Structures are given as structure tokens and as C-alpha cells.
Amino acid sequence: MSGDHSHNDSQIDSGSRHNDSHKHKDKYKDKEHKHKDHKKDKEREKSKYSNSEHRDSSDKKHRDKDKERLKLKDGSSDKQKDKHKEKKKEERSFDGKPKKEKENGFESAEFKPKKIKTEEREKKAKKREQEEEDIKPKKKTKVKKGEAVTDGKKKAKKEPEEKWKWWEEERYTDGVKWKFLEHKGPVFAPPYEPLPSNVKFYYDGKHMKLSPGAEEVATFFAKMLDHEYTTKDVFRKNFFKDWRKEMTSEEKSKLTDLNKCDFSEMSEYFKAQSEARKAMTKEEKLKIKAENERILQEYGFCVMDNHKERIANFRIEPPGLFRGRGDHPKMGMLKRRIRPEDIIINCSKDSNHPKPPPGTKWKEVRHDNKVTWLVSWTENIQGSIKYIMLNPSSRIKGEKDWQKYEMARRLKKCVDRIRAQYREDWKSKEMRIRQRAVALYFIDKLALRAGNEKEEGETADTVGCCSLRVEHLTLHQEMDGQEYVVEFDFLGKDSIRYYNKVPVEKRVFKNLQLFMEDKEPEDDLFDRLNTSILNKHLQELMDGLTAKVFRTYNASITLQQQLNELTTSEDNVPAKILSYNRANRAVAVLCNHQRAPPKTFEKSMQNLQTKIDAKKEQLADAKRELKSAKADAKVRRDEKSKKAVESKKKAVQRIEEQLMKLEVQATDREENKQIALGTSKLNYLDPRISVAWCKKLGVPIEKIYNKTQREKFAWAIDMAEKDYEF
DNA sequence: ACATTGGACTCAGAAATTTTAAA
DNA sequence: ATTTAAAATTTCTGAGTCCAATG
């Protein structure tokens, strides 16, 4: 995998040159857009009703017995669960996979509840308990502010409360996601606080008092003044247009030129505020922390099917100026404030419905247990729906995650067949089949994303595999001593540049030449292909297979291979971790997960070097001392001097170890300069691979996964043994 | 049929915040 | 021991994928 993914230093720069070619098409969409919004709303209104019929019937079926819920204790066995289990077993024995199981791609073998050695289990439980005490939902105690944090830290709560192992239970079938759901609704953004009267806004040099509405939007801009994008034309244009909508007619007629607006006092004011916040006393900070904790306890959890679960994003996004990624045509537009009237609540009928703030109403309260979200609203920039959903540690997310990796493992079993197939298809008489086959080859070999088509002018110009254009590839008959090299250069998701030179097979190369013949740079490379055609084909090759499964599969299999290749049991723990990070890095490179090099990168690298130098010196000193101690011992030959030698020896050893650790750290950091490991670790790597590796090589899992990650991957940590194979 | 749109969910890197280590 | 800086973690929310309803 090494040669295939040679990356260029310049690739971080999301290259402005990429953005130009397709820009000109769409300058004025705004009018159209408004129309569309309207239409969307109406349609939504319609579908609301038609949906509810559905829901009602399913609701009745599933709702009934949940009255006995609210038994929050996790380990509690409840009848319902057992009943559930029995039913499922029946279903499953029904020969051929039960519908849902097939869909999920779970291996039945994976379902056998693991028998874990008891001591191990206890140890685990104990450890977790300690680590989790501070996030654990404390039962509604009214804590006096200030106390909460200090005592949470110190005395370990000794609730022996066992963690719920949802992975040892049966899953729902038929698209039911839960039977009982109760929550407190969202937390709204704090209301706007008008500026103090001494903070002034100037237009054309003259002070002007803004109406509250206009002032609020002005502060959004003022807060961003230090960002480069406030100087961009598109940003300023969009902002000004939306700002004017919030102005009184008087303001509207006066303020006609953004360039004459002076936000500097506002900007200064906010900077001062944030300084002041930093300078707060400990007590004040604690008070705020306690308040946040209170809100978390009240709104940050829900009850889903007898279990208290953490909610991911229970705070509604505050209003502000939209800043998409890359060259976004809508940057600078006003993201409006979300009110209760915009909010759809989803919960079960027999729950206590969340109350809207006094004097307000929800848009709707529905009871749809075929979806996982608690709250939704429609966002005004793209007209898309936003959701409040559960934390990755929740059952509902965890199951899905597990299922994703099972699907990838199924691909592993038949990937050879599929590869043989697409290689065969390179020769097909039909153009669409050849295109499909070459695209699939890219997806497999390069881990490209599927590449849905996007509405032009609504988003930044980015592409994935199926939406590649001729201009994104350059063919080299021969390059750097290699034949048939394809040079890729395009902006992918989040406008991250993908740059790669890949030697491909001759047949692929010839096909590409064919696809590119007589086309303009801005034409689609695969003009007979889109993601739905591709996925339909994949579906036929393997049940449940889609393009993104290849990414998961290739990422995970790469990690496993790399770990096997790079790690030896003889290594010490830091060396093992370096190897792990390198394996992780190979995956991140494959998936093109990049980051901007941290602002302080050079400096921190220097600091580390300084430390290393100091440590080297310290080592030299220690060695000298050891030598003289040895000499001394030789002369004196007494117990005391022998002991001294021993202790010096130990000291040298210790320092050597420290030095090595530092050096490893330096290597690791350097190699990681512009690579982001997090995304692959969190979303692409079957956690059981890492867990098994840790167990096999005696590396504590904490070295690989931090607390949050351990929560998310609790299922894997619990079930994977050292011999797990992806 | 098939293209389009809406909906729900995963995945993404930056920014903000908190923790830890160093001075 | 206190302050400060750096590292680690968490939060945030935008950007994809994919499916199914719709026209």
C-alpha cells in the first residue's frame, strides 16, 4: 500500500485554482431559492399528515407494554426484554436469515453472548466505574453550586451499578428503533443581549444606534472580523443582503454600503469580554461549570427503552453567520435563530412530553419510533433538516456501528470475487459497464467516496468517484519510471484536496483514455454512471453492499495488516504505540484524512527537540556517574558502593527509557503533521481489531482509546478476545 | 421506468474548552 | 505552589451517503 498513496506536501492547501473553473455558472440563485423553500415547506406540511397514519398504526402495535419503564437501574432485567428475546429466537429459527438479520449483515455467531471470565469482568467494571463517575448521570440531586465539581472529583461513587450490555441482547426488527422514549426537549440558544450603550457602531464615520434586530446580526459579523473570510466578496455580499433584511426601513435606507460600516468597537468589546472570561476567579468559573453540569443533567439524557442514555447535541445551534467549508456560495448568510415554533419533538405517546418554554408552542409533537431522533428542525441555509440524536455510546448508535463492521467483514469474504468481476467488466462491450467497473476499481483501490451529484450553486464544488470530471485526472503514459500513471487532483468532502499519483493497470488506463476522449475538462468522467446505478449493481453482488462499505473494509483490513507487519511482542509499550499510530496513519492516508498543521507545530517540535537534547545530556551525566561509581566499587569492595553502582545503573536505564520515549514521540508527531487520525479511528476501524491487538500485546486499552472512545466502543472492548480477526 | 427530492443517518475537520505538564 | 503553555479532549455543525417516496 505504500507506493499507491504518495501524497504531496501541497495537498493541504485547498488550492484556490480548483475553485475557479466551475464558479461562473451560478451567480444569482437567490430568487429561485426562496421559491424552493416555500415549496419545500408546503410539501413537508403535506407529508406530515400522510406519515402520521403510518405512525399511528405502528405505534399502537409497539407502544403498549412500556408502562413499567423508568426503572432506570441499568442491570435490571425486565420481563419485556426476555419476552422479546423469545420472540426473536423463533423468528430466527425460521431457517434462512430472518429479514432483518440479513439486512443488518450480522453474523449469527456474533450474537452469542460472550462468556467472560468473572474476574476479568469485575476488573473491568471497577475500572469503568472510576473513570465514569463524573459523566455518570447523577440522580437529580440539587447540588449547591460550587460544591458539585469538587466532590464529584474526589470520593469515588461506589454504586456497583453495572453497565448495560446492550450487545448481549436481541435487537429490534422491522425498523422499530425504540418502544419508549422520553426526554426534556432541546436547550435553546441564550437570548440576545443588547450591547452596552458605550459600544458604538459607525457608518461612514458617524455614530449610529442600531435597532436590536440589526444590532444582533451586526455582532455576528463583528465577532468574525479577524477571520479572513469576512474579507471575501461572496461572504460580504451574502451577509449584507441578509443583514439588510433585519434592518428597520430607516436603517435600510441609510446603510447601503458594507464598506462604510465600522464594527471595530463591537469587535473590541467582544475581545475584552473573552479576556474577562479568562480572567474570572476560580469561584466564578466553578459556578459556571456547575450550571453547565446542571443543564447537562436535566437535558443531556433521555430514557429510551428502560435505559437512561446520553444525548449528543441537546443544544440548539445558536444564530450566526453561515460559514460552509471551502468555497461555499452561501458563506456569510444569516443562520436564523431557532424558536420553539420551529421544533418538532419526537417521543413516545406514553411519555411525559417535553414542555415548550412558557408562552410558546412546538411546531409538532410526533411519535415515530421508526426513527432515532428526539428533536428536529429545518435549517434556513440549505433547507435541510437538523436533528438531535443520541451519543455514540448509546445502544442505538452502537448497534448500527457494530452492524457496519459486520457488513465490511462480509465484504471481506467475497471481495475476491467482486474484484475478479470488475476486472472482467473492464473488457465489456458496454460503456456503462466499463465505467462502472473502473469507478469501482477506484473506490476499492483508492478508497474514494461514492460521489453523489450535488445541486450546483448550492454548495462548494467538490466531487467523489462517480462525480469526477475530466479535469480532475491527468493521464501519464509514463511517469517517474512507472507506466500508466493516473494523477488525481480534486476537492473531496469538506473541500479537502485529494492529490495522488497512481500507477494503474494498462486496461484501466486505456479505458480512462476512452472515457476522456472528445470531452471538455468540465465534463463528467463517468457520464454513464451515478451512485445509484453503482449501488444497485453492488447490491446484486452482495446483499447490503454499497460503495462506502469498501472504505470501511479497506480501512479496517489495512489496520489489521499493518499491525501485524509493524508490531512485535518484544517491543516495549511506547514502541508498540508508535507502531499502532503508524498503522492508524496508513489508514488515514488511504482515506485522505487531513488536517491543517497545528498553528504551533514548528514550535512544539522545537520544544521537543530541546527536551531530547537535555535528556541526552542527562544521560551522559548519568553514565559518567555510573562509571565513577563502578570504579569506586572496585576499589572499596563494600556493600554500600555496590549498591551505589546498582542504583546508578538503574538511573541510566531509566533515563535511556525516557529518552527513547521522547524520540518516539518526536517521530510520531513529525509523521503526523498534517494527518488526522481521529476520523478513521472513530469511524472506519473496527474497534475489535484494536482491542484484540491490545490484549495480544499487553498494551493497556487506555493507551489507544481515551475515555469517550472507550465508551463508544464498549461493545468491542467487552466482546473482542485477543484472537479476534476482522 | 426512471429521475428527483426529502429524510435520516454517518462522517468530517476546526474551534473551543479542559486537562496536564512545564516553567 | 502558581502560572503558563501545550496537549488532549470535547463540542460544534457542515458535508457526505444512501434509501425510499414521489411525480
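All values derive from a computational prediction rather than experimental measurement. First the proteins, then the strands, lettered A, B, ... as listed; each starts at 1. Below, all heavy atoms of this structure are taken into account, side chains as well, without hydrogens, waters or symmetry copies.
Side-chain N/O atoms of Lys177(A) include one lying less than 4.0 angstrom from OP1 or OP2 on dC9(B). Close to dC11(B), at under 4.0 Å from its OP1 or OP2, lies a side-chain N or O of Lys404(A). Put simply, Lys289(A) has a side-chain N or O that comes within less than 4.0 Å of OP1 or OP2 on dT19(B). Between Lys707(A) and dT9(C) there is no side-chain N or O to OP1 or OP2 distance below 4.0 Å. Between Tyr684(A) and dA12(B), a side-chain N or O to OP1/OP2 separation shorter than 4.0 Å is present. At dA12(B), none of the side-chain N or O atoms of Thr679(A) fall inside 4.0 Å of OP1 or OP2 (strictly under the cut-off). Contact annotation: Ser532(A) side-chain N/O to dA3(B) OP1/OP2 distance is not under 4.0 Å.
Rounded to whole angstrom, the span from the CH2 atom of Trp373(A) across to the P atom of dT13(C) amounts to 19 Å. The nearest whole Å value for the distance from the NZ atom in Lys615(A) to the P atom in dA22(B) is 9 Å. Atom P of nucleotide dT13(C) and atom CD1 of Ile388(A) are separated by 11 Å, given to the nearest angstrom. Between the CG atom of Asn313(A) and the P atom of dA15(B) there is a distance of 20 Å, rounded to whole Å. Computed from coordinates, the Arg277(A) CZ to dT18(B) P distance equals 11 Å when rounded to whole Å. The interatomic distance linking Asn706(A) (CG) with dT20(B) (C1') rounds to 14 Å, in whole Å. Rounded to whole Å, the distance from NZ on Lys330(A) to C1' on dT13(C) is 16 Å. One atom, CG of Leu685(A), and another, P of dA12(B), lie 11 Å apart when rounded to the nearest Å.
Candidate nucleotides dA7(C), dA14(B), dA8(B) were compared by shortest atom distance to the side chain of Arg595(A), and dA14(B) ranks first.
Remark: side-chain polar atoms of Lys285(A) are paired, donor with acceptor, to backbone N or O of Lys278(A) under 3.5 angstrom.
Among the protein residues, Pro318(A) comes within range of the sugar-phosphate backbone only, with heavy atoms under 4.0 Å from sugar or phosphate atoms but none that close to a base. Heavy atoms of Thr372(A) sit under 4.0 angstrom from primed sugar atoms or phosphate atoms, though from no base atom. Arg551(A) comes within 4.0 angstrom of sugar-phosphate atoms only, judged by non-hydrogen atoms across all strands, and of no base.
Position along DNA chain B of the nearest nucleotide to Asn292(A) versus Met389(A) favours Met389(A) as the more 5'-ward residue. Mapped onto DNA chain B by nearest heavy atom, Ile533(A) and Lys397(A) fall at different nucleotides, with Ile533(A) at the one closer to the 5' end. Comparing Thr708(A) and Leu608(A) by the nucleotide of DNA chain C whose heavy atom lies nearest to each, the residue mapping closer to the 5' end is Leu608(A).
The base-pairing partner of dT5(B), taking Watson-Crick or G-U wobble contacts with both distances under 3.5 Å, is dA20(C).
The side chain to side chain donor-acceptor pair (under 3.5 Å) with Thr462(A) is formed by just one residue from the set Arg497(A), Lys454(A), Arg325(A), Lys493(A); it is Lys454(A). Shown are Phe239(A), Phe322(A), Phe235(A); of these, the ring pair (Phe, Tyr, Trp, His ring centres under 6.0 Å) with Tyr229(A) is made only by Phe235(A).
Between Asn584(A) and Leu685(A), some side-chain heavy-atom pair lies under the 4.5 Å cut-off. Residues Gln709(A) and Asn706(A) meet the side-chain proximity criterion, which asks for heavy atoms closer than 4.5 Å. Contact of the Val549(A) side chain with the Leu538(A) side chain is not registered, since no non-hydrogen atoms from C-beta on lie closer than 4.5 Å.
Side-chain rings of Phe314(A) and Tyr299(A) stay apart, their centers remaining 6.0 Å or farther from each other.
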Item to complete: Please lay out, stage by stage, how Glu399(A) and Arg395(A) fare under the test salt bridge (Lys or Arg N to Asp or Glu O under 4.0 Å).
Response: CA-CA 6 Å; Glu399(A) 270 179 3; Arg395(A) 179 216 109 221; 3.5 Å; yes
Practice prompt. Spell out protein contact along nucleotides 14-20 of chain C as letters: B when the base is contacted, S when just the sugar-phosphate is, - when no protein heavy atom is under 4.0 Å; keep the 5' to 3' order.
Written response: SBSBBS-
